[in-house]
Novice: 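Below is one structure. I have some questions about it.
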2 protein chains.
Amino acid sequence: MADIAKLAKVSAITVSRALSTPDKVSEKARQRIANAITKTGYVPNRVAGSLASNRTRIIAAVVPTIDNSVYGSTLQGLSDVLRADGYHLMVCNSGVDPRGEETLLFTLLSHRPDGMFFHNVLHTDKTRRLLRAAKIPIVEAGDLPSRPIDMVVAYSNFDSAKAMTLYLGRKGYRRIGFVCNDIRTNPRARERRRGYLAALRALNLPQDPRIIYQTPLGFREGAEALSILTRNCPDIDAIFFSAELWAVGALLECQRRGWAVPGRIAIAGYDDHRIAPEVEPTLTSARVQRMKIGQLAAEMLLQRIRGEHVEHSVVDVGYEIFEGLSA
Amino acid sequence: MADIAKLAKVSAITVSRALSTPDKVSEKARQRIANAITKTGYVPNRVAGSLASNRTRIIAAVVPTIDNSVYGSTLQGLSDVLRADGYHLMVCNSGVDPRGEETLLFTLLSHRPDGMFFHNVLHTDKTRRLLRAAKIPIVEAGDLPSRPIDMVVAYSNFDSAKAMTLYLGRKGYRRIGFVCNDIRTNPRARERRRGYLAALRALNLPQDPRIIYQTPLGFREGAEALSILTRNCPDIDAIFFSAELWAVGALLECQRRGWAVPGRIAIAGYDDHRIAPEVEPTLTSARVQRMKIGQLAAEMLLQRIRGEHVEHSVVDVGYEIFEGLSA
DNA sequence: CTGTTAGCGCGTTCAC
DNA sequence: GTGAACGCGCTAACAG
């Protein structure tokens with residue numbers, strides 16, 4: 001930078017200003033500086049800048065896995081909005097080990113991000129303490145946490161699952177099955193199951209363990225769940241699959257069996273990002289706008305970084321019950 | 001850090017060593033330092049460390065889009081290997097605008113990453129100059145570039161597409177259609193199309209523009225392509241979709257129509273990450289190990305950062321023709 | 001609009 | 001095994 005300053009016959013600070021706040025530098029100086037920069041191929045050193053200004057222009061994001069289009073959409077939303085403001089995304093997956101999360105967070109914070117995003121309802125107490133001490137804006141997503149650390153952009157897994165189940169009840173289905181992830185390890189599955197059960201109570205329907213099923217994510221698993229639930233309880237008339245893949249897998253299985261959907265059995269899903277819109281019949285499902293979660297989170301982080309007041313620090317992006325033809 | 005030093009009754013430099021090279025510090029000092037750190041909740045400042053040591057422990061990765069499970073897998077592979085060595089990933093999508101890439105690169109380099117990964121065959125001359133001047137290890141992926149900047153971990157889009165087409169020819173198909181991305185903006189699509197055409201020549205089959213089709217990625221687009229190609233040329237007996245989504249979309253469309261696959265028409269794909277394994281019939285496709293690309297790239301970057309010699313700086317991870325039941 | 005001064009919090013280098 | 005001095009490249013704060 002000293003070189004640039006010398007070449008442009010100004011001081012270092014003027015070069016600095018020309019780069020970050022160009023309108024505070026005279027036209028001519030800016031011109032000479034720009035020339036010097038292109039001539040020398042100078043690339044500013046943001047590490048030094050960050051140390052001096054105490055701002056890195058980095059946002060750290062922690063998602064369960066990077067390799068999953070649901071989180072991919074959210075990351076894309078984050079990245080798009082952040083980049084427009086000159087911020088970049090440092091991405092990590094949390095994995096399953098909760099001890100790992102603390103070490104991870106420690107090294108992440110050592111990079112002094114200006115803000116953080118978590119697609120997790122966290123967190124050990126130590127994690128919470130670290131985050132509080134960091135004094136940076138934080139957005140949690142994934143569910144509406146009971147005890148938010150800071151800001152939240154989420155949707156209610158409970159409400160959406162309850163609404164989907166109520167919808168099935170209103171449509172006249174009386175034996176409604178439910179499929180979700182392992183509730184011991186997946187808090188979102190837990191919430192969706194709670195929503196399902198609450199709806200059953202509201203509908204005055206009995207809760208039947210033979211048609212409540214936990215299984216890993218996958219098409220095949222959806223087809224299997226369909227087999228098992230219909231065998232366990234032959235008069236089952238609807239199944240709410242709390243993820244897109246299962247629902248589509250089950251639909252395909254129905255096609256193979258020649259079962260009419262919803263004639264023989266009604267099928268409802270959760271999320272319909274990529275595959276659901278393409279199947280026949282169109283999937284009735286609880287939709288969540290994943291990319292919007294990322295965009296909103298980024299906007300809120302940027303507002304807080306700029307020192308602006310954030311009107312609503314807990315945002316519910318909600319859900320939509322898409323009324324397809326499958327239920 | 002000064003606080004820690006005072007608390008542990010050592011100098012700052014000893015604290016620094018205890019953190020980065022613990023074996024160069026006496027057991028007792030290390031113990032006192034560790035205590036002081038947990039007591040105060042100190043988190044080291046890697047920004048300052050980076051400025052002093054000229055190493056950030058950041059790797060920057062540029063992929064076409066984050067929101068795509070294919071690149072997601074590669075990013076996951078990168079992230080996994082890097083994190084084991086204390087490195088983190090800064091992720092960007094390049095978008096379509098080539099001018100945008102230069103600005104992006106400029107700001108990325110200003111963060112002084114210790115290495116870079118591109119899932120692109122790049123690059124304007126200015127881009128190449130910037131990268132060369134940065135003097136950091138670089139891995140390109142996505143295709144085997146004719147003029148590598150530095151290291152490469154890739155697969156040949158040409159070879160794999162040619163092999164897939166030849167496989168279809170060997171299976172007896174004679175009117176083989178082809179679907180790819182816009183060849184003006186997507187170099188990988190260009191290469192795959194070249195491979196397809198080369199195979200047709202080798203098979204002595206005519207090249208028929210009515211059954212070569214470009215379309216954006218998506219299930220629906222795959223179904224549409226199936227409609228269009230079969231309408232354009234009713235005796236078409238196979239289609240090679242050069243991406244998973246199209247192939248699966250077309251399979252689903254065949255199911256809707258009650259067409260036997262491969263009885264009425266054979267279908268082949270490219271990649272089969274998430275969806276293809278679940279469809280019926282199993283998808284014949286050209287498989288590329290996306291996660292491995294990320295892992296290898298990370299290992300090569302780390303080796304070079306450590307100053308080690310990298311045996312093979314251009315690695316071809318190859319492809320596999322998976323012989324499913326759809327063709 | 002521009003410049004001067006004084007750090008930011010570490011790691012390198014060299015000495016002990 | 002430990003420490004002192006110095007500087008990494010930039011920007012905040014203040015002055016002009």
Side-chain angles (χ1 to χ4, degrees), chain A residues 1-34 36-37 40-58 86 106-107 109-114 133-136 305 307, chain B residues 1-34 36-37 40-58 86 106-107 109-114 133-136 305 307:
Chain A
M1 189 179 221
D3 301 346
I4 303 297
K6 209 172 294 171
L7 255 171
K9 296 182 197 307
V10 291
S11 69
I13 187 66
T14 304
V15 177
S16 171
R17 283 198 269 252
L19 257 41
S20 51
T21 51
D23 41 315
K24 290 188 175 175
V25 173
S26 72
E27 176 64 34
K28 285 179 303 185
R30 229 184 308 155
Q31 208 42 261
R32 290 203 311 275
I33 291 168
I37 286 177
T40 56
Y42 166 74
V43 177
N45 185 332
R46 182 122 272 294
V47 179
S50 295
L51 182 61
S53 68
N54 205 27
R55 295 172 51 235
T56 54
R57 292 180 172 280
I58 291 174
F106 191 76
T107 65
L109 287 177
S110 76
H111 282 279
R112 296 291 187 268
D114 290 340
K135 289 183 180 142
I136 53 176
I305 289 169
Chain B
M1 190 177 220
D3 302 347
I4 303 296
K6 209 171 296 171
L7 254 170
K9 297 183 196 306
V10 292
S11 70
I13 185 61
T14 304
V15 178
S16 171
R17 282 198 268 254
L19 257 41
S20 52
T21 53
D23 41 314
K24 290 187 177 174
V25 173
S26 71
E27 176 63 34
K28 286 179 301 185
R30 228 185 310 157
Q31 209 40 261
R32 289 204 310 276
I33 290 168
I37 287 177
T40 57
Y42 167 73
V43 177
N45 186 333
R46 180 124 274 295
V47 179
S50 296
L51 182 61
S53 68
N54 206 25
R55 295 170 53 233
T56 54
R57 294 182 172 279
I58 291 174
F106 191 75
T107 65
L109 287 177
S110 75
H111 282 279
R112 295 291 188 270
D114 290 340
K135 290 184 179 138
I136 53 177
I305 288 170

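None of the values given here were measured: they were computed from a predicted structure. Proteins get letters first, then strands, A, B, ... in listed order; numbering begins at 1 in each.
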Novice: Quick one: A:I33 CD1 to C:dG3 C1', roughly how many Å, whole number?
Specialist: 13 Å
Novice: Closer to the 5' end of DNA chain C via nearest nucleotide, is it A:A48 or B:S20?
Specialist: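 Nearest nucleotide further toward 5': that of A:A48.
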Novice: Between A:R112 (side chain only) and B:P44 (backbone N and O only), is there a donor and an acceptor less than 3.5 Å apart?
Specialist: yes
Novice: Using whole Å, report how far NZ of A:K24 lies from P of C:dG3.
Specialist: 16 Å
Novice: Return the value, rounded to whole Å, for the distance between atom CE of A:M1 and atom P of C:dG3.
Specialist: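 So the two atoms are 13 Å apart, to the nearest Å.
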Novice: Find the distance B:L19:CG to C:dG9:P and express it as a whole number of Å.
Specialist: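 Atom-to-atom, B:L19 to C:dG9, this comes out as 16 Å.
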Novice: Find the distance between CD1 (B:I305) and CG (B:D114) and round it off to the nearest 0.5 Å.
Specialist: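 With rounding to 0.5 Å, CD1 (B:I305) is 5.0 Å from CG (B:D114).
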Novice: Please check this pair: side chain of B:R46 against backbone of A:H111, looking for a donor-acceptor N/O pair closer than 3.5 Å.
Specialist: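 Judged by distance alone, no pair lies under 3.5 Å.
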Novice: A:S26 has a side chain; which of C:dT4, C:dT2, C:dT12 sits nearest to it?
Specialist: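 Of all the options, the side chain of A:S26 is nearest to C:dT2.
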Novice: A:V43 or B:V25: which one's nearest nucleotide on DNA chain D is closer to the 5' end?
Specialist: B:V25
Novice: Is any side-chain N or O of B:Y42 closer than 4.0 Å to OP1 or OP2 of C:dG9?
Specialist: no
Novice: Is A:V47 touching bases, backbone alone, or none of the nucleic acid, heavy atoms closer than 4.0 Å?
Specialist: nothing
Novice: With a 4.0 Å cut-off on heavy atoms, is A:R17 in touch with a base, just the backbone sugar-phosphate, or nothing at all?
Specialist: base
Novice: Does a nitrogen or oxygen in the side chain of A:S11 sit under 4.0 Å from OP1 or OP2 of C:dG3?
Specialist: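 Yes, within the criterion.
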Novice: Could you tell me whether A:A2 contacts a base, only the sugar-phosphate backbone, or nothing, with contacts defined as non-hydrogen atoms closer than 4.0 Å?
Specialist: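 If one applies the 4.0 Å heavy-atom cut-off, A:A2 turns out to touch nothing in the nucleic acid.
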Novice: Closest heavy-atom contact between A:A18 and A:V25?
Specialist: N-CG2, 3.7 Å
Novice: Rounded to the Å, how far apart are B:I13 CD1 and C:dA15 C1'?
Specialist: 13 Å
Novice: Just compare C:dG11, C:dT12, C:dC8 and give me whichever is closest to any side-chain atom of B:A52.
Specialist: C:dG11
Novice: For B:R55, is there any backbone N or O sitting under 3.5 Å from a side-chain donor or acceptor partner on B:S50?
Specialist: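 Yes, B:S50 side chain to B:R55 backbone: donor-acceptor pair under 3.5 Å.
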Novice: Over how many whole Å does the gap from B:N45 atom CG to C:dG11 atom P extend?
Specialist: 9 Å
Novice: Can you tell me how far the CD1 atom of A:I58 sits from the CD1 atom of A:I136, to the nearest 0.5 Å?
Specialist: 11.0 Å
Novice: Quick one: does any side-chain atom of B:S16 pair with a main-chain N or O of B:A12 as donor and acceptor, under 3.5 Å?
Specialist: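 Absent.
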Novice: Reading DNA chain D 5' to 3', which nucleotide is the first, and which the last, to come under 4.0 Å of any heavy atom in chain B?
Specialist: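 Span of nucleotides near chain B: D:dG1 to D:dG9.
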